[in-house]
Amino acid sequence: MASDEYTNFAHSDLEQFPVIIHLDLDCFYAQVESVRLGLDPSTPLCVQQWDGVIAVNYAAREYGISRHERIEKVKEKCPNCVLVHVETVGFPDQSSSRENVSNPDLLNHGKSETKVSLDRYREASAKIFQLLFSYSELCEKASIDEAYLDVSEQVQDILVATRNQRSSIGSIFEQLSMTEKERAYYFETIFQPFGKRELPLSQILSIGCAIAAKIRYAIYSQFNYTSSAGIAENKLLAKLGSSLNKPNRQTLISPKAVPFLLENLPLKKLRGLGGKLGTRIEERTNAKTAKEAQNVTLEKWNEIVGRENAEWIYNLVRGIDYSPVNARGITKSILAAKSFKAECSWEGMEKWIKILAYELCERLRKDETMNSRRPINFIVHYSSVGSVSSSKSIPFPNGKDRVSSLSRNAMKILKTANNFCFPCNRLSLSVTKFLKTSSDLGSIAAFLKPQENHQKLVEELVQESSSIKSSETTAEETASNLQQPPEKCKVVEVEQREEEDYILAQRMQVEEWLKLRSEGDYNCDDRRESRKKKRRVQTLDHFFHK
DNA sequence: ACGGGTTAGACC
DNA sequence: TGGTCTAAC
């Protein structure tokens, strides 16, 4: 049915076909440490947090080491593995660490007196995102090491500029003024075959691949970090693609390959279905893979997940995803948390509150120089062993000494809370809701200047306590060359199969996309607006009831 | 292996 | 609005 229609539609609308890149840094924390210490990527390295590891580089994975492994096990499996503990802040307690003097890690990283700080990775991340924004303002920070980029505009420009050369790959390279090395990244792309009808589409996505290659090469040459990317027509498929050929490779997901991709894809791999919802769906439908879940009717989805989510899921299991890339670069909240076995004294609570307040204030200070904003909401979250979890918020206190001001207020909240009880399990201080302070001038330079000495800051900020400090490992400068030789493009076999359902749905997606574009600020951040739009986009009854 | 620190968003 | 809950990395 759709053959001619689809062809026509392809030629008239392809120039505005969405091109989304999902970019994912490979084992990010491990890479940050490896590069910082000037190690070769072939050196096995794990990032340690207390007794476990939270990141494992690819060299260490060869030894069968995985995340969440005990340190003991890691040493067993790979005695030479470099273990780098995450930074910590707190009051090192001399008496309890005496016995561990032989082990500097334990001395500096006592779980009972310090908390983890992920600042080093946040800063590395911030620099990468700065770079990403220069490639597309439509860049969404999905996590500390993941981003979605909507490069549709750029792709369209290239397409128009190279039209008289029939958008050959050579002309695309030229238009993007790609160097040899950038081209090498492009040629490493893992493609899936296209159907004939999809040829124009393949060009579109290929241009996205060229841009992804440029970006990944830039990240590598500037920071020595390798990354993986997925290039596709929507966020869902792009995300799937980036994980397909890790590390250090990019994967193009062609529409034709989607049925194949979904065939054996565990339902829970789909974004949003990794938790309880996914489990519930498995129970109610017996579907284990995305493909199997395609047999579930819209009515049945209605029953299982409700009216609002039914269409979303119906689309999701078909690889269809209307969600726009939100231009969102900076965080909306900042949180410092610590969990412990069982803290039973007010003295203990005060100690942790001071540590958390200190860390939070440090981060707020940086945030303010970088983003010209101040928080106006302050939240204290506490939970006790009997799973009593609660939080209280107040307007952000504006004291002269921010650390003690936050500490005092947090203490007051705990003492006056009617549901707070010992022993306490977990404590967090956070801020949300920011107000702009001034214009943005000089913010980036301020952020990039070298960190001041933690120890000094501590003495200035917290006089009453002698020894909050941050552990440090020496950093050395190295520029090791981890570029790997290009491989041949792999080709994935795809069965010939009926695609009408998919193509039709895809067409709907593009039409919705074009509509959103013509309405202007489709990526606006206003919640109510975007929710309204989302609903409109997802109301496709006339199509799905057919 | 559900562990520890973060973020975001939905819901009432 | 505030607070709780879920999900993701």
Side-chain angles (χ1 to χ4, degrees), chain A residues 22-30 47-56 65-73 85-90 109 111 114-122 125 140-148 235-236 239 242-243 246 268-281 305-306 308-309 312 323 326 328-341 352 355-356 359-360 363 367 376-383 387-395 413 417 419 425-433 525-528 530-531 534-535:
Chain A
H22 179 257
L23 192 89
D24 195 347
L25 277 292
D26 303 323
C27 54
F28 183 53
Y29 293 2
V47 178
Q48 177 185 356
Q49 182 177 284
W50 312 133
D51 262 347
V53 289
I54 55 171
V56 181
I65 302 168
S66 56
R67 267 176 92 221
H68 310 142
E69 197 126 36
R70 294 296 190 191
I71 287 298
E72 277 302 302
K73 278 276 183 186
H85 200 285
V86 292
E87 281 184 290
T88 56
V89 285
H109 308 295
K111 190 178 182 172
T114 62
K115 82 171 288 300
V116 161
S117 163
L118 302 179
D119 228 45
R120 188 176 284 160
Y121 315 118
R122 267 186 226 108
S125 171
E140 176 177 336
K141 181 175 175 171
S143 81
I144 194 163
D145 69 338
E146 267 181 65
Y148 291 98
K235 284 164 78 173
L236 170 69
K239 162 108 186 162
S242 70
S243 67
K246 270 179 157 298
K268 296 200 166 195
K269 293 266 179 178
L270 294 172
R271 192 175 162 79
L273 304 188
K276 293 182 179 180
L277 184 58
T279 315
R280 187 155 141 230
I281 289 173
V305 299
E308 260 304 292
N309 294 325
W312 166 64
S323 58
N326 296 306
R328 170 158 56 66
I330 57 178
T331 58
K332 295 173 174 171
S333 66
I334 297 176
L335 170 148
K338 171 74 184 175
S339 47
F340 26 79
K341 280 274 164 290
W352 287 119
I355 294 171
L356 293 172
E359 201 212 339
L360 190 61
R363 287 165 61 187
D367 185 71
I376 55 174
N377 197 25
F378 177 58
I379 304 162
V380 180
H381 195 288
Y382 48 90
S383 49
S387 80
V388 183
S389 175
S390 181
S391 66
K392 296 270 173 285
S393 65
I394 56 169
I413 285 175
N419 62 350
N425 234 359
R426 183 184 155 89
L427 195 58
S428 81
L429 304 185
S430 57
V431 298
T432 61
K433 296 185 187 131
D525 241 6
D526 184 78
R527 271 174 71 182
R528 198 173 300 154
S530 69
R531 223 181 329 189
K534 201 167 119 198
R535 205 162 292 156

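Lettering of chains follows the sequences in order, A, B, ..., and the numbering in each one begins at 1. Here the structure is a predicted model, which means the values were calculated and not measured.
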Between CD1 of A/Ile379 and C1' of C/dC5 the distance, given in whole Å, is 14 Å
Would you kindly give the CG-to-C1' distance between A/Leu273 and B/dG9, to the nearest whole Å?
16 Å
Go through the side-chain N and O atoms of A/Lys268 and A/Thr279 and say whether any donor and acceptor fall under 3.5 Å apart.
yes
Could you check whether A/Ala142 gets within reach of a base, just the sugar-phosphate, or nothing at all, counting any heavy atom under 4.0 Å?
nothing
Expressed as a whole number of angstroms, how long is the span from A/Ile54:CD1 to C/dA8:P?
19 Å
Quick check on B/dG9: is either OP1 or OP2 less than 4.0 Å from any side-chain nitrogen or oxygen of A/Lys332?
yes
Determine the interplanar angle of the A/His22 and A/Tyr148 rings, folded into 0 to 90°, and report it as parallel if under 30°, tilted if 30 to 60°, perpendicular if over 60°.
tilted
Residues A/Asn425 and A/Ser383: side-chain donor-acceptor under 3.5 angstrom:
no
Classify the nucleic acid contact of A/Lys141 as base, sugar-phosphate or nothing, counting any heavy atom under 4.0 Å across all strands shown.
nothing
Of all the choices, C/dA8, C/dT6, B/dT7, which nucleotide is nearest to the side chain of A/Arg271 once you look at every atom?
C/dA8
Taking only the side-chain nitrogens and oxygens of A/Lys115, find out if one of them lies under 4.0 Å from OP1 or OP2 of B/dT6.
yes
Using whole Å, report how far NZ of A/Lys246 lies from C1' of C/dC9.
11 Å
Sugar-phosphate, base or nothing in reach of A/Ile144, heavy atoms under 4.0 Å:
nothing
Under 4.0 Å between a side-chain N/O of A/Lys239 and OP1 or OP2 of C/dA8, yes or no?
no
Interatomic distance where CZ belongs to A/Phe28 and P belongs to B/dT6 [whole Å]
15 Å
From the options C/dG3, B/dG5, B/dG9, select the nucleotide whose nearest atom is closest to the side chain of A/Arg328.
B/dG9
Report the distance from atom CG of A/Asn309 to atom C1' of C/dT6, rounded to the nearest whole Å.
12 Å
Can you check the A/Glu359 CD to B/dT6 C1' distance for me, whole Å?
11 Å
Of all the choices, B/dT6, C/dA7, B/dT7, which nucleotide is nearest to the side chain of A/Ser333 once you look at every atom?
B/dT7
Are any side-chain N or O atoms of A/His381 and backbone N or O atoms of A/Leu427, one a donor and one an acceptor, separated by less than 3.5 Å?
no
Compare side-chain N and O positions of A/Thr331 against OP1 and OP2 of B/dA8 and report whether any pair is under 4.0 Å apart.
no
Within the 4.0 Å heavy-atom criterion, would you say A/Lys433 contacts the bases, only the backbone, or no part of the nucleic acid?
sugar-phosphate
Looking at A/Ser391, does any N or O in its side chain come under 4.0 Å of the phosphate oxygens OP1/OP2 on C/dG2?
no
Describe the nucleic acid contact of A/Leu335 in one word from base, sugar-phosphate, nothing, applying a heavy-atom distance below 4.0 Å.
base
NA contact type, A/Ser390, heavy-atom cut-off 4.0 Å: base, sugar-phosphate, or nothing?
sugar-phosphate
Mind checking what makes salt bridge (Lys or Arg N to Asp or Glu O under 4.0 Å) contact with A/Arg363, not counting sequence neighbours?
A/Glu359
Going by an N to O cut-off under 4.0 Å, is there a salt bridge joining A/Lys235 and A/Glu140?
yes
Taking atom types as modelled, is there a side-chain donor on A/Gln49 or A/His85 under 3.5 Å from an acceptor on the other?
no
Would you classify A/Glu146 as touching base, sugar-phosphate or nothing, given that sugar-phosphate means primed atoms plus P, OP1 and OP2, and contacts are heavy atoms under 4.0 Å?
sugar-phosphate
Atom-pair distance (CG on A/Asp51; C1' on B/dC2), nearest Å
16 Å
Report which part of the nucleic acid A/Arg280 touches: base, sugar-phosphate, or nothing (heavy-atom distance under 4.0 Å, all strands).
nothing
Both A/Ala337 and A/Arg70 contact DNA chain B. Which one's nearest nucleotide lies toward the 5' end?
A/Arg70
Whether A/Arg122 contacts B/dT7 is assessed here as follows: a side-chain N or O lying under 4.0 Å from the phosphate OP1 or OP2. Is that the case?
yes
Over all strands shown, is A/Gly275 touching base, sugar-phosphate only, or nothing at heavy-atom distances under 4.0 angstrom?
sugar-phosphate
Check whether any side-chain N or O of A/Ser143 sits under 4.0 Å from OP1 or OP2 of B/dT6, and answer yes or no.
no
So, does A/Ser428 get its side chain near the phosphate of B/dT6, meaning an N or O under 4.0 Å from OP1 or OP2?
no
When the nearest nucleotide of DNA chain B is assigned to A/Gln49 and to A/Lys73 on a heavy-atom basis, which residue is associated with the more 5' position?
A/Lys73
